[in-house]
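In what follows, every heavy atom counts, from backbone to side chain, and hydrogens, waters and symmetry copies are set aside. What you are looking at is a predicted structure, and each value in this text was computed from that prediction instead of being measured.
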Amino acid sequence: MPTEISNAVFYAAVFLGVVYTSRILEKKWPIADVPYGEFRDDWVAVIVSVGLENMLAPLAAISAAAIASYAGLGWIKLPTEGYWWYVSFAIVVVALDLYKYTYHRLQHAIPFLWAMHSFHHSANGITFITGARHFWLERVLSDAFLPVMAILFHIPANMAIAVGFIFFIPDACAHLNVRIPLGRYVTWINNPQWHRIHHSVHPEHRDKNFAAFFPLLDILFGTACVPKPDEYPATGLVPAERVDFINSVIWPIRHLRRRKSQNELSEAAPGAVPPVAGISGP
Ligand SMILES: [Zn+2]
Ligand SMILES: [Zn+2]
């Protein structure tokens, strides 16, 4: 259909424009040098994960619809008249951020979830597109079984779009390989330096800076590590791992097998192998 085609062309153009702009910024003010091989691996990982997620999205939607019809949708009807729209909007943003924060902490604490989430952390060089690098089953499962926000809140479509847009900025841009000197404002909104600590290879940064939008959540719940002005640590898993097409598909199996063999090696020769960033990895 012509409208669908023109919509697809429009979104593709916006997507390419955003990616291209991010590349210009990342070349001009990079935090770290990301070798071409890392960048290519990231693209492969993103294409595999987004492709499989979209293929399985209808299944996730069926499951989410079944859960929603059982639980009921929109338990809380937020007021939207006049300035109440903005109040309700703020409530939804804070609630979604709390939900994302909690889920992210569980992804680091529960071995089953970490086995998948470690795929995101396996990126050794972080760039804008690393934001889309998530193990495919992770998104499918959370879409299928956790339609929490839709169950909790009844909100108009324009508010849902506004919430999606406002989360895109700190959430996706947190992976930009761009040095943005925020000074003391670094704790105000999620940003590349704040989130880089979360991906850091250093043990003191492990399980820190989970927030998607407001770093305040990390401060409140004791998981904050405020970076020093020039603190931009190296990123990735310890020991470093690389992904290709096949292990983008079978990541948890490959990752667990590798972790097991690393543990056996370190038991055989203590100190010879650096500790694996395991369940509570960066
Ligand atoms: Zn994480
Ligand atoms: Zn990340």
Note to self: Walk me through whether Leu56 and Leu59 qualify under side chain to side chain contact (heavy atoms under 4.5 Å, CB included).
What the structure shows: CA-CA 5 Å; Leu56 294 165; Leu59 280 178; 3.9 Å; yes

Note to self: By the ring-ring contact (aromatic ring centres under 6.0 Å, His included) test, which pairs, at least two apart or in different chains, include something from residues 5-29?
What the structure shows: none

For residues 144-159, please give each side-chain donor-acceptor pair under 3.5 Å, one per line with the distance, not counting sequence neighbours.
{"residue": "Asn158", "atom": "OD1", "partner": "Trp85", "partner atom": "NE1", "Å": "3.4"}

Notebook entry, point to check: Run the side chain to side chain contact (heavy atoms under 4.5 Å, CB included) check on Leu78 and Val92 step by step: do they pass?
Noted result: CA-CA 9 Å; Leu78 293 169; Val92 174; 3.5 Å; yes

Note to self: Show me the pairs that pass salt bridge (charged side-chain N to carboxylate O under 4.0 Å, His left out) and involve residues 106-128, at least two apart or across chains.
What the structure shows: none

Using atom types as modelled, flag every donor-acceptor pair under 3.5 Å from a side chain in residues 38-50 to any protein atom, sequence neighbours excluded.
{"residue": "Glu38", "atom": "OE2", "partner": "Asn124", "partner atom": "ND2", "Å": "3.0"}
{"residue": "Asp41", "atom": "OD1", "partner": "Arg242", "partner atom": "NH2", "Å": "3.3"}
{"residue": "Asp41", "atom": "OD2", "partner": "Arg242", "partner atom": "NE", "Å": "2.8"}
{"residue": "Asp41", "atom": "OD2", "partner": "Arg242", "partner atom": "NH2", "Å": "2.8"}
{"residue": "Asp42", "atom": "OD1", "partner": "Arg133", "partner atom": "NH1", "Å": "2.5"}
{"residue": "Asp42", "atom": "OD2", "partner": "Thr130", "partner atom": "OG1", "Å": "2.6"}
{"residue": "Ser49", "atom": "OG", "partner": "Ala45", "partner atom": "O", "Å": "3.2"}
{"residue": "Ser49", "atom": "OG", "partner": "Val46", "partner atom": "O", "Å": "3.1"}
{"residue": "Ser49", "atom": "OG", "partner": "His134", "partner atom": "O", "Å": "3.4"}

Checklist line | Within one Ile-Leu-Val-Met-Phe-Trp-Tyr cluster: Phe128 and Val14, side-chain cutoff 4.5 Å | finding: yes

Check: Which residues pass the side-chain contact (heavy atoms from CB on, under 4.5 Å) test with Val87, sequence neighbours left out?
Finding: Tyr83, Trp84, Ile91

Item checked: Hydrophobic cluster membership, Ile126 vs Leu237, 4.5 Å side-chain cutoff -> no

Item checked: Exam field: side chain Asn177 to backbone Ile31, donor-acceptor pair closer than 3.5 Å -> yes

Check: Do you know which of His121, His120, His199 makes ring pair (Phe, Tyr, Trp, His ring centres under 6.0 Å) with His108?
Finding: His121

Next item on the list: Please name the pair of heavy atoms, one in Pro252 and one in Met116, separated by the smallest distance, quoted to 0.1 Å.
Entry: CG-CG, 4.0 Å

Check: Once the angle between the rings of His175 and His195 is folded into 0 to 90°, is it parallel (under 30°), tilted (30 to 60°) or perpendicular (over 60°)?
Finding: perpendicular

Check: Ignoring hydrogens and geometry, is there a side-chain-to-backbone donor-acceptor pair from Ser88 to Pro79 under 3.5 Å?
Finding: yes

Next item on the list: To the nearest 0.5 Å, tell me how far His198 NE2 sits from Thr223 OG1.
Entry: 9.5 Å

Next item on the list: Give the C-alpha distance, both sets of side-chain angles, the deciding distance and a yes or no for side chain to side chain contact (heavy atoms under 4.5 Å, CB included) between Val163 and Leu96.
Entry: CA-CA 9 Å; Val163 170; Leu96 180 58; 3.7 Å; yes

Checklist line | Under 3.5 Å: donor-acceptor pair, side chain of Asp143, backbone of Val140 | finding: no

Note to self: Nearest 0.5 angstrom please: Asp207 CG to Cys225 SG, how far?
What the structure shows: 12.0 Å

Checklist line | Separation between CG of Leu106 and CZ of Phe112, rounded to the nearest 0.5 Å | finding: 12.0 Å

Item checked: Hydrophobic cluster membership, Phe210 vs Ile219, 4.5 Å side-chain cutoff -> no

Check: Which pairs, with at least one residue in residues 93-114 and sequence neighbours excluded, count as a salt bridge (charged side-chain N to carboxylate O under 4.0 Å, His left out)?
Finding: Lys100-Asp171

Checklist line | Sequence neighbours excluded - side-chain hydrogen bond (donor to acceptor under 3.5 Å, both in side chains) pairs with any residue from residues 182-194 | finding: Trp194-Asp218

Next item on the list: Could you tell me which non-hydrogen atom of Gly82 sits nearest to which non-hydrogen atom of Tyr86, and how far apart they are?
Entry: O-CD1, 4.4 Å

Check: Going from CZ on Phe135 to CG on Leu113, what distance comes out if it is rounded to the nearest 0.5 angstrom?
Finding: 12.0 Å

Note to self: Suppose the criterion is side-chain hydrogen bond (donor to acceptor under 3.5 Å, both in side chains): which pairs have a residue in residues 51-79, not counting sequence neighbours?
What the structure shows: Glu53-Arg139

Item checked: Pairs meeting criterion side-chain hydrogen bond (donor to acceptor under 3.5 Å, both in side chains) with involvement of residues 229-238, two or more places apart -> His205-Glu231

Checklist line | Selection residues 20-37 - residue pairs positive for salt bridge (charged side-chain N to carboxylate O under 4.0 Å, His left out), sequence neighbours left out | finding: Arg23-Glu26

Checklist line | Which atom of Pro192 lies closest to which atom of Cys173, heavy atoms considered | finding: CG-O, 3.4 Å

Notebook entry, point to check: Are any non-hydrogen side-chain atoms of Asn209 and Pro215 less than 4.5 angstrom apart?
Noted result: no

Next item on the list: Please work out whether the ring planes of Trp114 and His117 are parallel, tilted or perpendicular, with thresholds of 30° and 60°.
Entry: perpendicular

Next item on the list: Check whether more than 12 heavy atoms from other residues, nucleotides or ligands sit under 6.0 Å from atom CZ of Phe245, and answer yes or no.
Entry: no

Check: What's the verdict on side chain to side chain contact (heavy atoms under 4.5 Å, CB included) for Val94 and Phe213, showing C-alpha distance, side-chain angles and the deciding distance?
Finding: CA-CA 9 Å; Val94 171; Phe213 198 115; over 6 Å; no

Margin query: According to side-chain contact (heavy atoms from CB on, under 4.5 Å), who are the partners of Ile62, at least two apart in sequence or on a separate chain?
Written below: none

Check: Are Ile246 and Trp136 linked, directly or through other ILVMFWY residues, by side chains that come within less than 4.5 angstrom of each other?
Finding: yes

Notebook entry, point to check: Is any side-chain heavy atom of Leu176 less than 4.5 Å from a side-chain heavy atom of Thr127?
Noted result: no

Next item on the list: Using the test ring pair (Phe, Tyr, Trp, His ring centres under 6.0 Å), find all partners of Phe119 that sit at least two apart in sequence or belong to another chain.
Entry: Trp251

